[in-house]
There are 2 protein chains.
Amino acid sequence: MPKSVLRPTVPAESAPLSAHDRVYRGLRQQIMHGELPPGHALTLRGIGKSFGVSMTPARESVRRLSAEGALTLSASGRVTTPELSNERIEELASIRALLEPELGSRALRRAHLALIDRMDIINDANARAVNQQNPVEYIRTNLEFHRTLYLRAQSPAMLGLLETVWLQLGPTMRALYTRLRRTTAPPHHRLILEALRAGDDAALRLALRTDVTQGLRHLQA
Amino acid sequence: MPKSVLRPTVPAESAPLSAHDRVYRGLRQQIMHGELPPGHALTLRGIGKSFGVSMTPARESVRRLSAEGALTLSASGRVTTPELSNERIEELASIRALLEPELGSRALRRAHLALIDRMDIINDANARAVNQQNPVEYIRTNLEFHRTLYLRAQSPAMLGLLETVWLQLGPTMRALYTRLRRTTAPPHHRLILEALRAGDDAALRLALRTDVTQGLRHLQA
DNA sequence: ACGCTGATTTCGTGATCACAATTTTCCATG
DNA sequence: CATGGAAAATTGTGATCACGAAATCAGCGT
């Protein structure tokens with residue numbers, strides 16, 4: 001594979017993206033966006049083939065993702081997406097309920113109108129995904145709505161931690177959202193946007209917390 | 001499934017521990033306990049040799065640890081322990097200040113006297129490490145003091161997240177503790193123990209928060 | 001003494017392979 | 001028709017290798 005020939009003048013702004021990175025990002029997105037159900041089995045050779053690489057980068061990606069809780073390794077090394085117990089789901093939800101209000105609060109001071117408008121647009125796409133009953137698109141836009149806000153918090157470590165929590169919840173969220181097909185958009189997104197416009201810290205924290213906890217508690221029924 | 005019959009002479013109680021796991025655990029402990037200064041360079045071949053394995057398990061361990069923020073990969077793939085900016089240190093400290101009071105509070109309901117006694121003993125060892133001005137032993141016993149409490153919270157995901165934060169801070173804590181050799185044990189451990197004995201949730205949360213923030217703020221001078 | 005350039009060494013990456021263990025398949029037996 | 005177990009296919013593990021890129025070093029010139 002004459003890779004250097006095929007990449008004559010690499011656009012300097014973007015990294016060349018190693019094989020491992022492509023596989024990692026691809027798998028990570030599939031998992032976080034709920035494209036895989038809980039308990040879905042994967043193989044290193046299969047992953048490698050679907051990304052056009054050998055086992056080696058596939059294995060590294062799997063190790064990395066399993067370290068983040070996005071994949072489960074059985075005792076014999078078999079790879080599956082995690083099947084979370086109810087206890088674990090509740091714990092992850094409570095972590096979200098702890099981190100997200102904090103991130104929102106930090107972002108509030110730096111949020112300007114352009115940001116809120118952008119979130120509004122994303123929220124529309126989210127509502128559309130609900131109408132289409134498209135779980136993957138719903139999860140994707142929902143996460144993008146939150147991440148757009150949290151990026152303004154300028155707290156990369158905290159956001160990174162939160163993303164690993166989202167990652168762990170990906171397959172479970174898919175299962176829950178496909179099981180009971182919801183027909184109404186998450187109601188608290190409006191409250192979040194209002195609190196942002198008003199610059200009301202307490203209201204924003206509350207809206208974020210209830211959005212997270214209600215969203216998951218509503219599904220555990 | 002008569003697997004136990006077919007198994008030759010494996011010690012049943014402990015997993016065989018794959019090469020990758022041994023390397024991962026070994027490196028992780030070195031980093032978390034502050035045995036390596038910030039910016040310390042590592043090589044895959046060197047890691048492999050020091051653990052008696054080939055590059056492959058070494059590489060997987062490094063990938064995993066870098067995913068957790070315990071190691072930094074340069075653009076060319078070079079491996080070093082992270083050199084944290086002051087901003088990053090503050091952010092990680094505020095994450096600790098967010099998670100640790102929550103974990104402590106959850107543990108409080110389940111904490112019995114034997115646990116507090118154990119923490120007392122660990123705290124003595126911690127004070128001894130201060131007198132000996134032994135940074136590694138100080139960090140180790142300090143973390144063990146906290147972890148002993150948080151294990152009772154029965155919140156493995158939250159504790160896991162916290163440990164990755166500790167991991168990221170390992171080399172920096174070593175640098176800080178060796179730079180200014182402190183001569184007095186952390187004063188808030190007493191407050192933590194008192195709050196535990198009194199069953200006072202608010203006091204425990206406060207003591208944990210100040211222990212975390214003061215501990216790091218005291219060193220940034 | 002200092003800086004630059006070219007050679008050499010070191011290093012990470014990704015592919016491939018042998019091997020052992022597991023899982024699956026399939027057929028014979030009750 | 002179910003069931004048990006042997007054979008075959010599949011899978012993860014770890015070692016090794018070639019390759020290109022990066023870092024280190026040597027030697028030269030200024």
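Each chain gets a letter, A, B and so on, in the order the sequences are listed, and its residues count up from 1. Please read these numbers as outputs of a predicted model, since none were measured by experiment.
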Can you check each nucleotide of nucleotides 11-17 of chain D against protein heavy atoms at under 4.0 Å and return B for base, S for sugar-phosphate only, - for none, in 5' to 3' order? BBBBBB-
Of all pairs that satisfy salt bridge (charged side-chain N to carboxylate O under 4.0 Å, His left out), the ones with a partner from residues 72-87 of chain A, not counting sequence neighbours: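 The answer is none; no pair qualifies.
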Which residue pairs satisfy the ring pair (Phe, Tyr, Trp, His ring centres under 6.0 Å) criterion with at least one member in residues 133-163 of chain B, sequence neighbours excluded?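 Qualifying pairs: B:Y138-B:Y177, B:F145-B:H189, B:H146-B:Y150, B:H146-B:H189.
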Taking the side chain from A:T81 and the backbone from A:G39, do they hold a donor-acceptor pair closer than 3.5 Å? yes
Would a distance-only check, ignoring hydrogens and angles, find a side-chain to backbone donor-acceptor pair under 3.5 Å from B:H112 to B:R110? yes
Determine the sole option in A:Q29, A:E35, A:R28 for which the side chain to side chain contact (heavy atoms under 4.5 Å, CB included) test with A:M32 is passed. A:R28
